Amino acid sequence: MQWATGSIGRTCLRAVLDSPDHELVGLVVYSERKAGQDAGTIARRDPTGVIATRDIEQVIAMEADVVLHTPRIQLAYDAHDADLCRLLRSGKNVITTAGNHYPGAHGPQRLAVFDQACADGGSTLFGVGVSPGVIGERLAMALTGISLDLDAIDIAEVVDASAMVSPDFVFTVMGMGTDPKTTDLLAGPLPPLYRSLYSETLAYMADQLGLVGYDIEDDHHLELAPSDVQVGAGLIREGTVVATEWRWHLSVGGRRRISLAIIWTMAPQLPRYAGRPHWVVQVSGQPDMTMTIELHEPTSAAVRTSAVQSVTAGVVMRAIPVVLAAPPGVLAPVGFAPYRFG
């Protein structure tokens, strides 16, 4: 079953329809415009006979081995919790891209909610994605595994978000176009939202590294537009937020061990962002290492799926057999022999 058909959801939907190993049995949409349409129409594929619905009760009653749950992250961070728990209690395994990569980061109570739902339904929950999900949890951890000695890890993500077309997501959930003269973005709901999401990466990495008694410090920056910028979602006025830099430092005893910067820009041509790769992972220790990851957009005009959409859907699809084979409960990425402090 495919849940939501935004840019990532449609990419997952096409991957399911194109695969001889999977059968689509249900499709959940949020918009009235898509409800009632055939899944093939939404995915730019042949008709499937599977009709999109907004009826959650109908969806809960349906049988499916796994639900690919790909809605956008929302305010508040736990906005999707009720749906996730209902799906899990109904006996459906769930792979979600909307957080919950490491629920235990928020304490045992939040983890217990999902563990109980999984126990009730004999189901598994797995939060996946590229960032969070792969860059810190898998790739950075792999680098530590070849470190003779480790001092610190620094991860920086830079994403050109100018092509995003949803005004609500861009101007509300991302905070772009906010006028600092009238609204203090850093005092609003967005810093807690993104801290909730990305602290799961930091906590997972800390646990894998054997770090205890750590603190997480905010270190955010807002870049303002030097002139009006026209983007996919609308107009960003001069002097308003054109890029957000969400940054956190995880420290033990006052010593920074992990730094994570998530930078989304609507003006990638600005000197502060021009030419920067999608991700840079720097490992300080013995030896020092730098890993750079650059996604390349399709060169064929016939391919309308972006590189970010493809890699996110790729992680989702690879997770399906893992989730189906897993015992009931909440899954987290499994690393191999990372560096351990102390």
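Bear in mind the structure is a predicted one, so any value in this text is a computation, not a measurement.
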**Flag for Glu294-His296: side-chain donor and acceptor within less than 3.5 Å** = no
**Request:** Would you confirm whether Arg89, through its side chain, and Ala117, through its main-chain N or O, come within 3.5 Å as a donor-acceptor pair?
**Result:** no
**Item:** Heavy-atom closest pair, residues Glu137 and Pro132
**Value:** OE2-CB, 3.7 Å
**Request:** Taking all non-hydrogen atoms of both residues into account, name the closest pair between Leu27 and Met1 and its distance.
**Result:** N-CG, 4.4 Å
**Asked** Mind checking whether Ile293 and Leu139 have side chains closer than 4.5 Å, heavy atoms only?
**Response** yes
**Prompt:** Is a donor on one side and an acceptor on the other found under 3.5 Å between the side chain of Gln286 and the backbone of Leu148?
**Reply:** no
**Item:** Whether Asp38 side chain and Thr48 backbone form a donor-acceptor pair below 3.5 Å
**Value:** yes
**Message:** Please determine whether residues Leu17 and Val29 belong to a single hydrophobic cluster, defined as Ile, Leu, Val, Met, Phe, Trp and Tyr linked transitively by side-chain heavy-atom distances below 4.5 Å.
**Reply:** yes
**Prompt:** Hey, does Leu250 have a side-chain heavy atom less than 4.5 Å from the side chain of Met205?
**Reply:** no
**Item:** Close side-chain approach of Leu143 to Ile153, heavy-atom, < 4.5 Å
**Value:** no
**Request:** Can you measure from CD1 (Ile262) to CG (Leu197) and round to the nearest 0.5 angstrom?
**Result:** 8.5 Å
**Asked** Could you give the distance from CH2 (Trp246) to CG (Leu260), rounded to the nearest 0.5 Å?
**Response** 13.0 Å
**Message:** Is there a side-chain contact (heavy atoms from CB on, under 4.5 Å) between Arg247 and Ile263? Walk through the geometry before answering.
**Reply:** CA-CA 8 Å; Arg247 184 178 287 103; Ile263 301 167; 4.1 Å; yes
**Prompt:** Does Ala267 offer a backbone N or O that forms a donor-acceptor pair with the side chain of Thr265 under 3.5 Å?
**Reply:** yes
**Asked** Does CZ belonging to Arg304 count more than 12 external heavy atoms closer than 6.0 Å?
**Response** no
**Request:** Measure the CD1-OG distance between Ile236 and Ser227 for me, rounded to the nearest 0.5 Å.
**Result:** 11.0 Å
**Request:** Answer yes or no: is there a donor N or O on one side and an acceptor on the other, between the side chain of Arg195 and the main chain of Ile216, under 3.5 Å?
**Result:** yes
**Asked** With the threshold set at 4.0 Å, does a side-chain nitrogen-carboxylate oxygen contact exist between Asp81 and Arg110?
**Response** yes
**Asked** Looking only at heavy atoms, which two atoms of Pro298 and Ala307 are closest? And how far apart?
**Response** CD-N, 4.3 Å
**Message:** If you compare all heavy atoms of Gln230 against all heavy atoms of Leu235, which two are closest, and at what distance to 0.1 Å?
**Reply:** OE1-CD1, 3.6 Å
**Asked** With a 6.0 Å cut-off on ring centres, are His106 and Tyr77 close enough?
**Response** yes
**Item:** Presence of salt bridge, Arg237 and Asp179, under 4.0 angstrom
**Value:** no
**Message:** Given 3.5 Å as the limit, does a donor-acceptor pair link the side chain of Thr312 with the main chain of Gln309, or not?
**Reply:** no
**Item:** Ile155-Ile146 co-clustered via ILVMFWY side chain contacts under 4.5 Å
**Value:** yes
**Item:** Short side-chain donor-acceptor distance under 3.5 Å, Ser306 and Glu297
**Value:** no
**Fill in**
Output for pair (Trp248 CH2, Leu202 CG), nearest 0.5 Å, gives 7.5 Å
**Prompt:** Do Thr144 side-chain atoms and Met141 backbone N/O form a donor-acceptor pair below 3.5 Å?
**Reply:** yes
**Shared hydrophobic cluster, Leu24 / Ile56 (ILVMFWY, side-chain heavy atoms < 4.5 Å)** = no
**Asked** Is there side-chain contact between Arg72 and Ser166, with heavy atoms separated by less than 4.5 Å?
**Response** yes
**Asked** Can you tell if the side chain of Cys12 reaches within under 4.5 Å of the side chain of Ile8, non-hydrogen atoms only?
**Response** yes
**Item:** Test item: side-chain donor near acceptor, Asp55 and Thr53, under 3.5 Å
**Value:** no
**Request:** Answer yes or no: is there a donor N or O on one side and an acceptor on the other, between the side chain of Asp18 and the main chain of Ala15, under 3.5 Å?
**Result:** no
**Asked** Do Leu193 and Phe169 share a hydrophobic cluster (ILVMFWY, side-chain heavy atoms under 4.5 Å, transitive)?
**Response** yes
**Item:** Validation row: His101, Thr201 side chains within 4.5 angstrom (heavy atoms)
**Value:** no
**Message:** Keeping Asn93 on the side-chain end and Thr124 on the backbone end, is there a donor-acceptor pair under 3.5 Å?
**Reply:** yes
**Prompt:** In terms of the angle between their ring planes, are Tyr194 and Tyr198 parallel, tilted or perpendicular, with boundaries placed at 30° and 60°?
**Reply:** tilted
**Prompt:** Quick one: does Val283's side chain get under 4.5 Å of Leu150's, heavy atoms only?
**Reply:** yes
**Fill in**
Of all heavy-atom pairs linking Thr96 and Ala98, the shortest is OG1-N, 3.0 Å
**Gln109, CD: over 12 other non-hydrogen atoms inside 6.0 angstrom** = no
**Prompt:** Are Val159 and Val315 connected, step by step, through hydrophobic side chains (Ile, Leu, Val, Met, Phe, Trp, Tyr) whose heavy atoms are closer than 4.5 Å?
**Reply:** yes
**Message:** Under the criterion side-chain contact (heavy atoms from CB on, under 4.5 Å), I'd like the reasoning laid out for Val128 against Thr97: C-alpha separation, chi angles, the key distance, then a yes or no.
**Reply:** CA-CA 5 Å; Val128 303; Thr97 58; 4.2 Å; yes
**Asked** Going from CG on Asp83 to CD1 on Ile60, what distance comes out if it is rounded to the nearest 0.5 angstrom?
**Response** 7.0 Å
**side-chain contact (heavy atoms from CB on, under 4.5 Å) between Leu295 and Trp279, intermediate numbers included** = CA-CA 9 Å; Leu295 300 180; Trp279 290 280; 3.9 Å; yes
**Request:** Taking all heavy atoms of Ala152 and all of Arg256, pick out the closest pair and write down the distance.
**Result:** CB-O, 3.8 Å
**Distance in Å, Trp3 CH2 paired with Leu68 CG, rounded so as to fall on 0.5 Å steps** = 12.5 Å
**Derivation and outcome, side-chain contact (heavy atoms from CB on, under 4.5 Å), residues Met164 and Val231** = CA-CA 8 Å; Met164 291 185 175; Val231 297; over 6 Å; no
**Request:** Flag the pair Ser147 / Met289 as yes when at least one side-chain heavy-atom distance between them is below 4.5 Å, and no otherwise.
**Result:** yes
**Heavy-atom donor-acceptor pair, Tyr214 side chain to Arg257 backbone, under 3.5 Å** = no
**Request:** Would you tell me whether Trp264 and Tyr273 have side-chain atoms, one donor and one acceptor, within less than 3.5 Å of each other?
**Result:** no
